[in-house]
Amino acid sequence: MHALSGQIFATFGVELAAVYVPSDSIDELRLAEVAGDARGTYVVPPAYPLSGRSPVADACRAGRPLWLTSQDPALDGTAGPVSLGALPLGGDPLLLGCLLVLRKDGEGFDADQRAFLELYADQAAAGLEAAAARVAPPVETGSPGPALLPMRGGTFSLTLRTGRMEVDGQVLNLLGVPPAEFDGNVSTLLECAVPDDVPALMSVVEPDRATGHQQLAFRVRRPGGELRWLGLRCRVVPAADGRPERVLGVVGDASYLRPTPDEVSLVQRLSAALGGATTIRDVSRVVVESLRAPLAATRVAVAELEGDRIVVTLLDPPNPDAWPEVWRAEWRSEWPDASCHTLPTLESALREGHVTLWPPGAPLEPGLSGIGPGGLAVLPLPADGRMVGVCLVGWDGEHRFGPEERSLLTATAGLVGQALTRAHALNAGHELATMLQRSLLPRKLPALPGGEAVARYLPATVGLEVGGDWYDVIPLADGHVALVIGDVQGHSAGAATIMGQMRTAIRAYAVEGHPPDVVVAHANRLLVGMETDLFATCCYVDLDMEEGLAWFVRAGHLPPLLRLPDGAAEPVEVEGGPPLGVMAEAEFPLTEVGLVPGTLIALLTDGLVESATLRLEDGMRAVCRVLRGADPADPGRVADELVAGTRRRDDDVAVLLLRYDGMRVRPIRARWAVWRLPDAVMHARRFTARTLRGWGVTEEVDVALLVVSELVTNAIAHTQGEVRLDLTLAGDRLRVAVNDASPRAPVKSAGMDWEATGGRGLLLVEAMTTAWGSVPLSGGKQVWCEIAVSPGERAGDGGDADAPHAPVAAGE
C-alpha cells in the first residue's frame with residue numbers, strides 16, 4: 001500500500017484511495033491498487049459487481065461521480081462518520097475503472113474539493129488508458145507493479161481578477177520553486193515554463209470563457225537546468241454572470257512524455273512544414289506525410305470540426321476500399337461530412353480533448369474499428385481553447401503503444417490545431433466561396449424508378465478559388481428524368497454564383513416540360529442576358545425510363561460516355577452546339593440513342609480528363625478503360641474508381657453516372673380531353689370509371705371519381721382554354737393529373753366558412769390522397785395527386801390503356 005503523504009489527497013484529508021479496474025468478467029470491477037489506511041470505518045471490498053447496488057456500481061452506471069456521507073442509505077453499516085466519493089474513470093463507450101476516495105468525517109466534500117478530485121480522476125484515467133494501450137500485465141492487489149494512482153502531484157487555485165494563486169507545496173516542488181520565494185503571482189510560475197509552451201499555458205490562466213475541463217502537457221526548466229515534463233488538468237469556475245472567475249487545477253509529473261531525439265527532430269520538421277501550409281488541404285497533406293511513414297501507420301485521416309459535424313479534409317491512402325463507409329465521404333457527391341453523434345467514441349474523445357489510444361481488438365464502432373483493427377490513435381486538434389478538428393491514425397497489423405508515442409502525438413495535435421486555425425484565417429475568402437458552392441450543389445440525388453444515379457464532386461486542390469462545375473438529376477413527368485452536368489468558365493466566387501443560377505434555371509425549364517433542346521436554348525438566352533463575360537458548357541440528357549430512349553443535347557461540353565452491358569465503353573457521337581452565353585440565337589441539335597437495360601451513362605467535366613500533364617484524348621481513353629473494367633451493378637463504386645486517382649487537381653472534378661435498368665412494372669396511361677360542356681364532369685367521371693375497370697382497379701374507384709370531379713370542376717370554373725385529364729397506374733400508385741392553360745397555381749383555403757358554397761375542393765383532394773401538388777407546364781400548369789392502390793390490383797392486358805387516348809368528343 002502507498003502512503004498518502006505528499007500527494008494530492010492530503011490536501012483534503014483523504015485517508016484512503018482505491019482504484020478498481022474491469023476484471024475478465026465484464027460485469028465486475030476488481031481492486032487493483034490501494035493507497036492509505038484500508039483499516040477502520042470502511043472496508044474496501046476486493047471486487048464490486050457492476051450489476052449490484054454499491055457506490056462504485058451506481059457511479060459507473062450513471063457515468064458521473066457519486067458523493068456520499070454516512071447519512072446516505074448506501075453507507076449504512078459504516079462504523080462512524082465517513083465522506084466517500086466514487087469517480088468513474090473513462091466512460092461511454094469504454095469504462096476504464098473507478099476511483100474510490102474516503103475521509104473519516106461526515107461533512108462531505110465541498111465544490112472545490114470535488115472539482116480537484118475529478119481532475120485527479122482524469123489523471124488516473126489517462127494512466128489506465130496508457131497502461132491498457134501498452135497491454136501491461138494485470139495488476140494484482142498488493143503487487144509492486146506500476147502505480148495506477150499518480151503519487152507526485154499537487155493542486156492550485158487561480159483567481160482570474162487578481163492573478164493571485166494558491167499553490168500547494170507539491171506543485172512548487174515540481175516546478176523547482178522554493179516555497180519561501182513564491183509571491184503568489186501567476187507570472188512567477190509562468191517564468192518557469194519553457195518559452196515555447198507559454199502560449200498554451202496562457203490559454204489556461206487567461207480563459208475567455210468557461211470551457212469546462214482542459215488538459216495539456218508542458219515543460220519547465222528547473223534551477224539546476226533539468227528539463228521536466230508536467231501534465232496539467234484544470235477547470236474554469238464561472239461567476240454568477242457566467243464569466244470565468246477562478247481556475248482550479250491539478251499538476252502532476254509527466255516524465256513519461258519526454259521525447260526521444262528522433263521525436264524531437266520529427267516535431268521540428270512538422271512545425272517547419274506547417275509554417276508554409278496556407279490552406280486546409282496543405283495542412284492535412286503535411287500531417288499525412290509527417291506521420292504515416294515514421295509511425296508505419298496504415299491509414300491517416302484529417303478532419304475539421306464544424307459544430308457537431310466532422311468535415312473530412314484528407315484521407316490517406318486515397319483508395320475508397322481502404323476506409324469504412326462513413327469515411328468514404330471524400331469521394332461522395334454529398335459534401336464530405338458526418339455527424340459526431342454517429343461515432344460516439346470519437347465524440348467522447350473530442351469532448352475530453354486528450355489523445356486516446358486504442359489497442360488491438362478494442363470494442364469500437366465499425367466506423368472506427370475499420371480504420372485501425374490493429375491499433376487506433378485519436379488526436380483531437382486543439383486551438384484557442386477549443387477543438388478545431390481531429391486526426392486519426394490506424395494500423396492493420398498489431399500495434400502496441402508506448403509512452404513516447406503519446407508524447408509525439410500530443411505534440412503533433414497542438415501544432416496541427418494551430419495550423420488549421422491559421423489556414424482558416426489566411427484563406428477566409430476561399431472558405432466563403434466554398435460555403436457558397438456547398439449551398440448550390442445538390443447534397444442528395446433522388447431515387448429513380450428503373451435506374452440508379454450517383455455523382456461525385458471534388459474541388460480543385462491547387463489554388464484558393466473554387467470553380468463552377470455543377471450537376472443535377474431532375475425527375476420529370478411521364479417516367480422521364482433529366483441528367484445535367486456543366487462547367488462555368490473560370491475559378492472564382494462569380495463562377496460559383498453563375499453556376500447556381502444556371503442550375504436553377506435549367507431545372508425550372510425542365511420541370512415546365514420543355515423539350516431538351518428548348519431547355520438548353522432558354523438557358524443560353526438567359527446567360528447571354530446576364531451582366532457577365534463568363535460562358536458555360538453543358539450536357540443535358542432527357543431519358544425515358546420506360547422506353548429506354550435518351551435525347552442528348554451538348555453545348556460546348558465533353559461528349560457523354562456509354563458503358564454497354566457487354567462491357568464496351570465509348571463516347572456518344574452527339575452533334576454539339578456552342579457554349580452557353582456566346583450566341584443568343586444558337587441552335588442545339590438533339591441526338592436520340594436507344595438504351596438497353598444494364599447500360600451505364602457517364603457525364604463528366606474536363607477536370608477529370610484534362611490537366612497540364614494530361615491530354616484530353618488520353619484522359620478520355622483512361623476513363624473508358626475504367627468503365628470497361630467496372631462492375632455496373634454498383635455505380636457508386638464505379639464513380640469512386642473514376643475519381644480515386646485525382647489527388648492533385650488543377651480543376652474541379654464532377655462525375656454523374658446513371659445505370660439504366662428499365663421499368664420492372666411499366667406504367668399504363670390513359671388521356672381524356674375535357675370539353676367545356678354542362679356535363680363535362682360527368683363524362684370525365686365515366687371515362688375514369690371505365691378506364692379503372694379495364695385496369696382491374698376496383699377498391700379505389702370511389703376516391704378516384706371524387707378527386708376527378710374536384711380537379712376537373714376547378715379547371716373548368718377557374719381557367720380558360722383546353723383542359724386534359726391524365727390517368728397513370730404505376731405499381732401501387734394511381735396518379736390523377738389535370739392540365740389547364742392557366743399558369744396560376746391553385747390555392748388551398750386557410751380557413752373554412754361552412755356556409756360557403758365553394759373552397760372545399762383542394763381540402764377534399766388533400767384528405768383523400770397520399771400526395772398532391774401543382775407543377776408549371778409550358779403556358780399552363782398541371783394539378784396532380786396520387787392514390788395508393790391495393791396490392792394485386794393491376795390489369796393483365798391494360799384494357800383501354802393499351803395506347804394513349806387521343807382527344808375525343810365529350811359524349812363518347
Side-chain angles (χ1 to χ4, degrees), residues 333 440-457 469-488 499-527 536-562 572 574-577 580 588-595 599-605 635 639 654-663 667 728 730 735 737 773 775-778 782 784:
S333 58
L440 295 177
L441 287 174
R443 294 179 63 97
K444 302 287 184 182
L445 299 184
L448 301 174
E452 181 180 354
V454 298
R456 300 290 183 266
Y457 183 90
D469 291 18
W470 90 89
Y471 58 88
D472 208 351
V473 176
I474 312 168
L476 304 174
D478 298 331
H480 285 236
V481 62
L483 309 176
V484 194
I485 197 164
D487 185 2
V488 177
M499 172 268 288
Q501 293 173 307
M502 296 307 299
R503 174 180 170 242
T504 302
I506 288 178
R507 172 173 279 267
Y509 296 141
V511 171
E512 284 186 350
H514 297 292
D517 54 342
V518 176
V519 170
V520 177
H522 282 358
N524 175 60
R525 284 193 289 271
L526 176 67
L527 185 55
T537 64
C538 173
C539 184
Y540 183 98
V541 184
D542 185 325
L543 175 59
D544 185 339
M545 303 297 285
E546 299 175 24
E547 302 295 338
L549 292 177
W551 291 269
F552 294 87
V553 179
R554 190 163 63 91
H557 201 79
L558 296 174
L561 304 172
L562 290 185
V572 181
V574 177
E575 185 180 356
L580 305 179
F588 301 94
L590 275 170
T591 300
E592 180 180 330
V593 176
L595 305 180
T599 300
L600 197 66
I601 302 175
L603 307 180
L604 44 94
T605 57
V655 175
L656 179 60
L657 302 180
L658 182 139
R659 187 191 65 230
Y660 171 69
D661 299 327
M663 303 286 278
T728 304
R735 182 183 175 96
V775 294
L777 297 178
S778 182
Q782 180 186 86
W784 61 271

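Counting begins at 1 with the first residue of the sequence. These numbers were taken from a predicted model, which means no experiment stands behind them.
Counting only N and O atoms by type, the side chains of Thr605 and Asp487 include no donor and acceptor under 3.5 Å apart.
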*CA sep, side-chain torsions, deciding dist, call: Met545, Val481, side-chain contact (heavy atoms from CB on, under 4.5 Å)*: CA-CA 7 Å; Met545 303 297 285; Val481 62; 3.5 Å; yes
*Walk me through it: do Val574 and Val593 pass the test side-chain contact (heavy atoms from CB on, under 4.5 Å)?*
CA-CA 10 Å; Val574 177; Val593 176; 6.0 Å; no
_Go through it in stages, so that I can follow the logic: the residues are Leu658 and Val541, the test is side-chain contact (heavy atoms from CB on, under 4.5 Å), and I'd like the CA-CA distance, side-chain angles, deciding distance and then a yes or no._
CA-CA 11 Å; Leu658 182 139; Val541 184; over 6 Å; no
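A side-chain donor-acceptor contact under 3.5 Å links Arg507 to the backbone of Val473.
Looking only at side-chain heavy atoms (C-beta outward), Pro559 and Val572 stay at 4.5 Å or farther from each other. Side-chain contact between Trp470 and Thr504: absent, with no pair of heavy atoms (C-beta onward) separated by less than 4.5 Å. Side-chain contact between Tyr471 and Leu603 is absent, with no heavy-atom pair separated by less than 4.5 Å. Taking 4.5 Å as the limit, every side-chain heavy atom of Val519 sits out of range of all side-chain heavy atoms of Val484.
How far CG of Leu549 is from CG of Leu543: 8.5 Å, rounded to the nearest 0.5 Å. Of the inter-residue distances, the one linking Ile474 atom CD1 with Tyr509 atom OH reads 12.5 Å to the nearest 0.5 angstrom. Separation of atoms OH (Tyr660) and CG (Asp544) is listed at 7.5 Å; rounding is to 0.5 Å. Asp542 contributes atom CG, which lies 10.5 Å from atom CD of Glu592 (distance to the nearest 0.5 angstrom). For the atom pair OG1 (Thr599) and CG (Asp661), the distance works out to 9.5 Å, reported to the nearest 0.5 Å. To the nearest 0.5 Å, the span separating CZ on Phe552 from CG on Leu483 amounts to 8.5 Å.
Under the side-chain hydrogen bond (donor to acceptor under 3.5 Å, both in side chains) criterion, Gln782 pairs with Arg735, Asn739, not counting sequence neighbours. Scored by the salt bridge (Lys or Arg N to Asp or Glu O under 4.0 Å) test, Arg554 finds no partners at all (sequence neighbours excluded). Under the rule for a side chain to side chain contact (heavy atoms under 4.5 Å, CB included), the partners of Ala602 that lie at least two apart in sequence or sit in another chain are Leu561, Leu627, Leu657.
Closest approach of Pro667 and Thr728 over heavy atoms only: CB-CG2, 3.9 Å. The two residues Ala639 and Val454 make their nearest non-hydrogen contact at CB-CG2, 4.2 Å. Annotation for Cys538 and His557: closest pair O-CB, 3.3 Å, computed over non-hydrogen atoms. Contact record, Ile485 with Ala654: CD1-O, 3.7 Å, taken as the closest heavy-atom pair. Counting all heavy atoms, side chain and backbone alike, Leu526 lies closest to Ala505 at CD2-CB, 3.3 Å. Of all heavy-atom pairs spanning Trp551 and Leu590, the tightest one is CB-CD2, 3.8 Å.
Taking the six-membered ring for Trp and thresholds of 30 and 60 degrees, His522 and His514 have ring planes more than 60 degrees apart, a perpendicular arrangement.
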